[in-house]
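Working notes, structure below.
When reading the values below, keep in mind they use all heavy atoms of this one structure, side chains included, and skip hydrogens, waters and symmetry mates. All figures in this text were calculated on a predicted structure; none of them were measured in a lab. Throughout, numbering of the chain's residues begins at 1 and tracks the sequence.
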Amino acid sequence: MESNALWTRRGSSCCRAGRISPACKIPVLPATCCWEICCRGTRVPVTPLLRVRVPLGSSSSSGWAPSLPEPETPHGAAGVGAQPGHPGPDPQQGDLRRAPPGSAVHHPSSWFPCRYFRWWYKKTCIEKKSAFIDLMCAVPLQQIYGCPLGGIGGGTITRGWRGEFCRWQLNPGKYHYGTVIADQFTVCLRRKGQTVYQQVLSVEKPSTLQGWNWGYCGHYAFYHALYPRAWTVYELPGQNVVLTCRQVSPVIPHDYKDSSLPVAVFIWEVENGNEEPVEVSIMFSMQNGMGAKEDKSGGHWNEPFALQEGGERVAGVLLHHCTPTNPFTLAVAAREKAGTVVTHLTAFDPAGSGRDVWQDLLQDGKLESPTGESRATAKGEVTAAAVCATCTVPARGHQTLELALAWDMPRVHFGALGRRYTRFFGSDGDAAPALSRYALAHYEEWERKIDAWQKPVLENSQLPSWYKSALFNELYFMTDGGTVWLELPHDCLPQELQGPGVASLSHLLPVLREYGRFAYLEGQEYRMYNTYDVHFYASFALVMLWPKLQISLQYDIAVTVINEDVEPRQYLMSGQTAQVKLKNVVPHDIGDPDDEPWQHVNAYLMHDTANWKDLNLKFVLQVYRDYYLTHDAPYLRDMWPVCQAVMESELRFDTDNDGLIENGGFADQTYDAWVVNGASAYCGGLWLAAVRMMCKMAEVLGDEETQQKYSGILQKGKEAFERMLWNGKYYNYDSSGSDTSSSIMSDQCAGQWFLGACGLDQGELEVFPKSHVISALQTIFEKNVMGFAGGTMGAVNGMRPDGVPDTSSVQSSEVWIGVVYALAATMIQEGMVQEGFHTAEGCYRTVWEQLGMAFQTPEAYCEKKVYRSLAYMRPLSIWSMQLALESRVGRAPCAPPASSSPVPGGTEQSIGDSPGPVASAGRQGPCPVPPSL
């Protein structure tokens, strides 16, 4: 079989020899940079998936497993900077530290800490709410996370690569970090009517449920992840039986129904290498709750359920979690078909020894299956349930067992909106059984669609294997970014969407009614929805894979632009008082998940972002980019007056009328701790790109007056930009003449990045001289990439001309992963393909391999292993690399027509419709990369 084949089918033998179940469907690709963690904590390259060997564990002295040697404890299990029991840093990397509280923000005076602490105390201790950025109580780093479960916007549950259920986000934007020890898979093997092996498939040795056989030996397991799927392969010691658990979540591009479902399916492929049949049972146990204090609040109860359809039956247990706010139901279920038996245990005490459960399964490989619901828990009690699927596997044969987990929290704590999936399954809180049945009946279809989407990328031998892993695995944030996808009531009126001005957005209501409202956090530690300066980078993933959600998000931003919030408040950096939101400016974010998003915008109160120079421009750039990729003419017509309004607001920053805006001498853009003064490469470049797109949109819409106006501004601005910032090799950071104004900014070509993505960077459309762009990118590669950390950690944000990182700000000396991916895309657009991939590779290897921060990619890290803001939005910009690759080989969409008539792919399309040009490209994957790679 060729090395780049998508799937493998191999005979049974030891997992460690690379042989796996003939039916487990694990993608196999050339060995490269993804990593495997062995018992001693070392990492070695294996495949382009995230691949991990379960690191530690041993069999216990009791139970049905043979005695095995105790493996060594991995380095850092309780090392420096790690909480007891949390895996620590890689031994080859030294100490991994979080940036000190507040270090990522510019302190214009010594009063900031006082203002922040006073605000933080009022928010957390008096109002009993969470801080949007909590500098006092940071999220602990745990190098344990694997592929999250669930679709978009219905909440997520993250399984670690050791199999634990360890990160919970059912309440929108609010996380509970903790492993629930009762949430496990257990295997029971029986031969000739006798149980010969029974083992919890976990390396843990907990203090509860000690009647269970814990401590599975990590030598005999591997973990693989390629989002939205993951595989864990277990070779059962001494049994000649191999189990492969394939977890599947319905995250499917261009699908606006199934992608919203809060479900996951676990397909257990069982391979029997023996000469006699074996009866195999997989028990899935689950605690009622998330392991939080609410689990003991009382009033929770469980009940069995069964649904029959045709010749198949789905059965399981419902776990009703009856909290006053946002109650929910968990459903653990299995598919019963010919040759499969499903049994259950309605309730057991997960805080006890669990011996009754263990003995029940041990006796005959099945559970008792009592009828009727359990009693409600008393205060201080917890409860759990279990479902067991059993089948007989013939000699030298294999069988499949299918289990599912669903959760139903139909309404959220803000507003009165239901989640997206309630459109299809109802909002009464009784959808968990139907969700389970639907998932088990449709997961094969989901996998076919996922295969069709991913296969062209995975089989492209000219793409680096690390890139294939990064491209798909970074998409975890689409679901696990505190994401919400909500339904708009069909009787909603325009004035209910914040003011009468929205009536001018003629397609606002049709879009929101058809596709709902979408929001995701800036990061799991920076709790603001749709942070717009960061979404600018991440939006490529959305517009390429779920373009209707990007359109919906843009409509929501447009609504906030039109409106204002005159309430005064004090801003923490400057101490000055200003209103929350000015009219005709783009907001920083659409709100805090602990408040009322969409109604109360701008949760960010570090700076008054009405004076930021990049937000308005990023709206204009995304509007044209979205139109270019989708050909959605009604959207463009609706957005045009909003673009005109924000550009008029932006013109006030051109204080000398030279066609170029000036920064205000503080950190007035996405680099909110990096002071910039006068004309700047970053904001000035974004400005000129936005002006060019205003000219183009005016041409498309037939607005000659506006086109002439911005053409004149563009001509003046281009001359001023080159005169004030070009130094012969690159564009200076700013024109202030300060000690650091000549710094080399890695993000100086951000405007060119968007122009190139929209086909506006050639010939008469050119804004920045092509020779200057190439020279700047070459300088960045030489200085910021190769001159930093030996060229192995991506691009540092700021570098001095003498090859020393710019330390004028903490942010100037950081590497921002999302910015690096955008930089790499720009390089690819300009023909520097090899340099682009080398630049991005440094970030991937640093985060996913060296620092062990899988499925929690941070915003930033420094050369000395200091990181900031876990699980961040911006790295989704890696999808702009994919767009650049497709564009280079002629797969980019054709230029939209220069008229205002409707074009295919407009907002009138229905759910699951045929996608526009970018959707087609995103589904099919890239053509071969040019030979220069």
Side-chain angles (χ1 to χ4, degrees), residues 147-148 150-154 156 226-229 248-261 420 446-458 467-481 483-485 511 514-520 530 535-554 622 625-632 635 757 818 821-822 825 857 873-887 891-893 905 907 909 911-926:
C147 196
I152 300 173
T156 50
L226 192 67
Y227 190 77
R229 292 183 290 182
V248 180
S249 294
V251 181
I252 305 163
H254 317 294
D255 180 292
Y256 299 92
K257 177 188 175 183
D258 289 5
S259 289
S260 72
L261 303 184
R420 171 67 172 182
W446 300 341
E447 290 203 273
R448 285 193 294 270
K449 292 178 179 179
I450 293 169
D451 289 344
W453 162 43
Q454 295 182 341
K455 185 175 181 179
V457 175
L458 299 179
Y467 170 77
K468 300 171 186 180
S469 173
L471 183 69
F472 295 115
N473 282 328
E474 289 290 6
L475 280 174
Y476 84 94
F477 198 82
M478 283 296 303
T479 60
D480 203 21
T483 312
V484 289
W485 187 0
V511 167
E514 183 70 6
Y515 296 102
R517 275 183 152 166
F518 173 85
Y520 58 162
N530 294 350
H535 172 72
F536 172 72
Y537 295 83
S539 63
F540 280 88
L542 208 57
V543 76
M544 291 181 71
L545 301 175
W546 294 276
K548 300 302 183 185
L549 295 186
Q550 167 67 9
I551 298 298
S552 170
L553 186 153
Q554 286 285 90
Q622 287 185 68
R625 190 272 319 273
D626 297 344
Y627 170 63
Y628 176 75
L629 295 179
T630 67
H631 294 188
D632 191 335
Y635 164 73
Y821 289 151
T857 303
M873 178 198 293
R874 203 181 318 248
L876 286 169
S877 63
I878 192 170
W879 278 86
S880 67
M881 293 179 64
Q882 182 68 10
L883 181 62
L885 289 169
E886 295 177 11
S887 299
R891 294 284 294 284
T907 55
Q909 293 174 341
I911 297 171
D913 56 6
S914 58
V918 68
S920 178
R923 176 175 295 164
Q924 296 170 6

(Q) Using side chain to side chain contact (heavy atoms under 4.5 Å, CB included), reason through Trp453 and His254 one step at a time and then give a plain yes or no. (A) CA-CA 10 Å; Trp453 162 43; His254 317 294; over 6 Å; no
Q: Decide side chain to side chain contact (heavy atoms under 4.5 Å, CB included) for Tyr467 and Gln882; before the verdict, give the C-alpha distance in whole Å, the side-chain angles of both, and the deciding distance to 0.1 Å.
A: CA-CA 10 Å; Tyr467 170 77; Gln882 182 68 10; 2.5 Å; yes
Q: Start with the C-alpha distance between Tyr227 and Glu474, add both sets of side-chain angles, then the distance that settles side chain to side chain donor-acceptor pair (under 3.5 Å), and finish with yes or no.
A: CA-CA 8 Å; Tyr227 190 77; Glu474 289 290 6; over 6 Å; no
Q: Please assess Val511 against Tyr635 for the test side chain to side chain contact (heavy atoms under 4.5 Å, CB included), listing each intermediate value before the final yes or no.
A: CA-CA 9 Å; Val511 167; Tyr635 164 73; over 6 Å; no
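Remark: Gln550 CD to Asp632 CG distance equals 11.5 Å, nearest 0.5 Å. Atom CD1 in Ile152 sits 11.5 Å away from atom CG in Asp258 (nearest 0.5 Å). For the atom pair CG (Asn530) and OG1 (Thr483), the distance works out to 9.5 Å, reported to the nearest 0.5 Å. Atoms CG and CG, on Leu545 and Asp255 in that order, are 12.0 Å from each other to the nearest 0.5 Å.
Contact annotation: the side chain of Met478 approaches that of Leu542 to within less than 4.5 Å [non-hydrogen atoms, C-beta and beyond]. Looking at Ile551 and Tyr515, their side chains never come closer than 4.5 Å, going by heavy atoms from C-beta outward. Counting only heavy atoms from C-beta outward, the side chains of Arg229 and Asp451 approach each other to under 4.5 Å. The shortest side-chain heavy-atom distance between Val543 and Leu883 does not fall under the 4.5 Å cut-off. Gln454 is listed as a side-chain neighbour of Pro228, based on a closest heavy-atom distance under 4.5 Å.
Gly151 and Thr156 make their closest contact through O-CG2, 4.4 Å (heavy atoms, listed as atom of the first residue, atom of the second, distance). The shortest heavy-atom contact between Gly150 and Val251 is O-CG2, 3.8 Å. For the pair Trp879 and Met544, the tightest heavy-atom approach, listed with the atom from each and the gap, is O-SD, 3.1 Å. In terms of heavy-atom proximity, Pro148 sits nearest to Ser249 at O-OG, 3.8 Å. Considering every non-hydrogen atom in both Ile878 and Tyr821, the closest pair reads CB-CD1, 3.6 Å. For the residue pair Tyr256 and Trp546, the shortest heavy atom distance occurs at OH-C, 3.3 Å.
Looking only at distances, a side-chain donor or acceptor of Ser539 sits under 3.5 Å from a matching main-chain atom of Phe536.
Cation-pi geometry between Arg420 and Phe518 is not satisfied (NZ or CZ under 6.0 Å from the ring centre, within 45° of the ring normal).
A side-chain N or O of Ser469 and one of Asn473 form a donor-acceptor pair less than 3.5 Å apart.
Note: Tyr520 and His535 have perpendicular aromatic rings, judged against thresholds of 30 and 60 degrees for the angle between ring planes.
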